[in-house]
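Note sheet for the following structure.
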Amino acid sequence: MLFANIDLLDENLDHRSGQWVGVRDGRIAYLGAEPPAGEEAAAYGEVYDGRGRLLMPAFFNAHSHAPMTLLRGYAENLPLQAWLNDAVFPFEAKITPEDCYWAALLACAEMARYGCVAFSDMYYHMDQVARAALDAGLKLNLSDSLLAFNGEGLAGLPVDGENRRLLRDLQGAGDGRIVVDCNIHAEYTSNPRAVADLAAFAREEGLRVQVHVSETRLEHEECKERHGGLTPVRYFDRLGLFDVPVTAAHCVWVDDGDIDILAERGVFVAVNPASNMKLGSGFAPVPKMLERGVEVCLGTDGMASNNNHDLMQDLYLLALLYKGSTGDPAAVEPKQALRAATRAGALSQGREDCGLVAVGAKADLCVLDVTGPSWAPMTNPLVNVVYAGHGADVRLTMCDGRTVYRDGAWPTLDVERAKAEVDARTCRIMSEL
């Protein structure tokens with residue numbers, strides 16, 4: 001595809017007007033103020049009229065639980081521990097592998113609709129989540145959850161065999177769109193031996209790790225009680241987890257010393273402002289993290305604690321809420337927030353050639369309609385994206401050069417069937433509870 005005469009946000013998220021962008025073989029092959037010459041232009045195929053449109057890097061969801069679309073609107077108005085133990089865990093015990101497939105496929109449709117091409121997911125039946133991502137044409141960093149309550153090591157736990165099977169069967173599938181990570185659900189659902197074993201396994205296999213960290217004050221303080229004053233960050237660091245690339249979700253209650261460790265160890269922090277507010281968990285200290293060089297990325301979390309996969313809503317919250325909570329109107333700047341939702345998210349997944357509009361980068365792109373009243377005047381397009389844009393403004397989403405959403409249609413999947421399947425499966429599970 002050749003995007004013609006289109007405004008864009010470039011690799012530095014700076015605005016350029018009237019550009020031509022050529023996509024070929026899954027990558028951005030041309031970018032310039034003039035159209036490519038003659039036969040080269042024809043080689044890109046369809047010419048996309050860029051008038052009234054803004055081209056930008058697609059979004060990367062750095063923390064999600066895609067099959068939890070089954071629980072949308074369920075387990076409302078509860079704090080995290082009651083939410084998990086009294087509502088979510090009993091519901092999840094009824095979920096089948098096929099349930100996970102259809103729920104993840106619906107999540108993929110929703111993410112593609114809102115300009116997102118990749119997601120980092122923690123859940124169960126991850127082969128089915130991978131199947132959904134492959135069918136939808138999206139990228140996925142999958143991770144099967146380590147749960148270890150009785151002092152056991154990794155060997156012999158179901159997740160050990162599952163990780164090895166996922167590596168054998170799915171690593172690199174879909175021309176590299178599927179990446180297998182390791183996953184520790186949290187400190188409070190694991191034990192030191194299993195954590196150390198999983199860290200060693202990830203190190204040996206060259207894998208990344210996803211983990212929940214300090215999501216609530218209770219989690220943070222109980223970890224200190226259990227482990228001689230160690231916070232979850234210090235606990236995981238002592239066990240060698242941060243010897244490999246890690247994306248730590250939430251980090252709401254981390255202290256100054258924790259932030260220093262996260263920065264020194266190069267840990268990516270996936271913040272989830274909508275989910276954390278909905279569950280009453282608090283606010284991650286993002287301004288301090290950014291100030292100290294922590295790489296902050298952005299996630300939606302699951303649909304029982306957010307209710308939608310529109311990452312532009314989380315983007316708006318990330319850019320805005322710290323101004324109010326700190327009294328500093330420059331606490332998180334729009335460019336920092338947008339980078340968290342794009343390039344930083346791609347890097348958290350180990351996708352070095354993704355998350356930016358530049359020649360040679362993967363063609364992971366979204367196109368916004370900027371003709372609506374909320375976009376006028378276009379004084380600063382980047383600021384408008386962050387504060388005035390909506391997921392509904394997305395007109396086209398492209399992953400690895402393939403269109404996965406365009407003008408109300410999903411070329412890669414049957415959305416109506418996915419909706420019907422998820423509705424029926426949620427009703428079945430609720431009838432069984």
Side-chain angles (χ1 to χ4, degrees), residues 62-63 80-81 84 120-123 126 141-164 166-167 179-271 284-285 289 292-295 297 348-350:
H63 181 63
L80 179 67
Q81 296 305 321
L84 276 174
S120 296
D121 215 63
M122 291 183 174
Y123 216 63
M126 291 306 301
N141 278 50
L142 63 85
S143 61
D144 195 274
S145 292
L146 169 69
L147 299 170
F149 297 98
N150 300 313
E152 64 269 60
L154 180 62
L157 284 173
V159 72
D160 185 30
E162 185 65 7
N163 281 340
R164 296 177 190 277
L166 292 169
L167 278 171
V179 174
V180 176
D181 292 346
C182 289
N183 164 5
I184 297 165
H185 176 265
E187 175 274 329
Y188 62 91
T189 51
S190 61
N191 68 67
R193 181 181 171 194
V195 169
D197 287 353
L198 189 95
F201 175 75
R203 189 164 53 249
E204 291 164 6
E205 297 292 334
L207 303 178
R208 313 179 78 82
V209 175
Q210 302 179 39
V211 59
H212 292 109
V213 173
S214 295
E215 183 173 359
T216 66
R217 177 181 285 183
L218 180 66
E219 171 196 342
H220 188 80
E221 294 302 324
E222 286 188 344
C223 176
K224 290 162 66 176
E225 292 174 9
R226 280 189 289 268
H227 302 294
L230 295 178
T231 64
V233 166
R234 292 172 173 87
Y235 166 79
F236 285 128
D237 189 39
R238 178 168 291 188
L239 293 171
L241 188 64
F242 298 155
D243 293 343
V244 300
V246 169
T247 297
H250 303 298
C251 294
V252 172
W253 291 95
V254 293
D255 61 28
D256 286 350
D258 291 338
I259 295 172
D260 288 339
I261 292 171
L262 294 170
E264 291 165 7
R265 306 294 263 150
V267 175
F268 290 86
V269 172
V271 296
M289 292 178 188
R292 299 188 197 181
V294 175
E295 189 77 276
C297 42
S348 78
Q349 298 176 349

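Computed from a predicted structure; not experimentally measured.
Within the 4.5 Å cutoff, side-chain heavy atoms of Pro192 are placed close to those of Tyr235. Between Ser143 and Met122 there is a side-chain heavy-atom pair separated by less than 4.5 Å. At a threshold of 4.5 Å between non-hydrogen side-chain atoms, the residues Leu262 and Arg292 do not count as touching. Inter-residue side-chain proximity for Asn191 and Phe149 is flagged as unmet; no heavy-atom pair is nearer than 4.5 Å. Val271 places a side-chain heavy atom less than 4.5 Å from the side chain of Val269. Contact check for Arg265 versus Phe236: no side-chain heavy atoms found under the 4.5 Å cut-off. Leu84 is listed as a side-chain neighbour of Tyr188, based on a closest heavy-atom distance under 4.5 Å. At a threshold of 4.5 Å between non-hydrogen side-chain atoms, the residues Val294 and Val267 do not count as touching.
Asp258 contributes a side-chain N or O that, together with a main-chain N or O of Asp255, makes up a donor-acceptor pair within less than 3.5 Å. Panel note: side chain Asn141, backbone Gln349; a donor-acceptor pair is recorded below 3.5 Å. Distance alone, capped at 3.5 Å, places no donor-acceptor pair between the His250 side chain and the Ser214 backbone. Remark: side-chain polar atoms of Arg208 are paired, donor with acceptor, to backbone N or O of Ser348 under 3.5 angstrom.
What you find for Leu218 and Gln81 is that their closest heavy atoms are CD2-CG, 3.5 Å. Residues Leu166 and Val180 come closest through the heavy atom pair O-CG2, 3.7 Å. Met289 approaches Cys251 most closely through the heavy-atom pair CE-O, 3.6 Å. Across every non-hydrogen atom of Cys297 and Ala62, the tightest pair is SG-CB, 3.6 Å. Scanning both residues, Leu207 and Pro245, for their nearest heavy atoms gives O-CD, 4.1 Å. When all heavy atoms of Pro285 and Ile259 are compared, the pair lying nearest together is CG-CD1, 4.0 Å.
The distance from the OG1 atom of Thr231 to the CH2 atom of Trp253 is 14.0 Å, given to the nearest 0.5 Å. Atoms CG and CD, on Leu147 and Glu152 in that order, are 10.0 Å from each other to the nearest 0.5 Å. For the atom pair CG of Leu146 and CG of Leu154, the computed distance is 6.5 Å after rounding to the nearest 0.5 Å. Distance check, rounded to the nearest 0.5 Å: CG of Leu230 to CD of Glu225 gives 13.0 Å.
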request  = Evaluate side chain to side chain contact (heavy atoms under 4.5 Å, CB included) for Val233 paired with Phe242, printing each intermediate quantity in order.
outcome  = CA-CA 9 Å; Val233 166; Phe242 298 155; 3.9 Å; yes
- Message: Is there a side chain to side chain contact (heavy atoms under 4.5 Å, CB included) between Thr247 and His63? Walk through the geometry before answering.
- Response: CA-CA 9 Å; Thr247 297; His63 181 63; 5.9 Å; no
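Each of His227, Arg226, Glu222, His220 was checked for a side-chain contact (heavy atoms from CB on, under 4.5 Å) with Lys224, and the lone residue meeting it is His220.
A side chain to side chain donor-acceptor pair (under 3.5 Å) check over residues 196-206, counting only residues at least two apart or in different chains, returns nothing.
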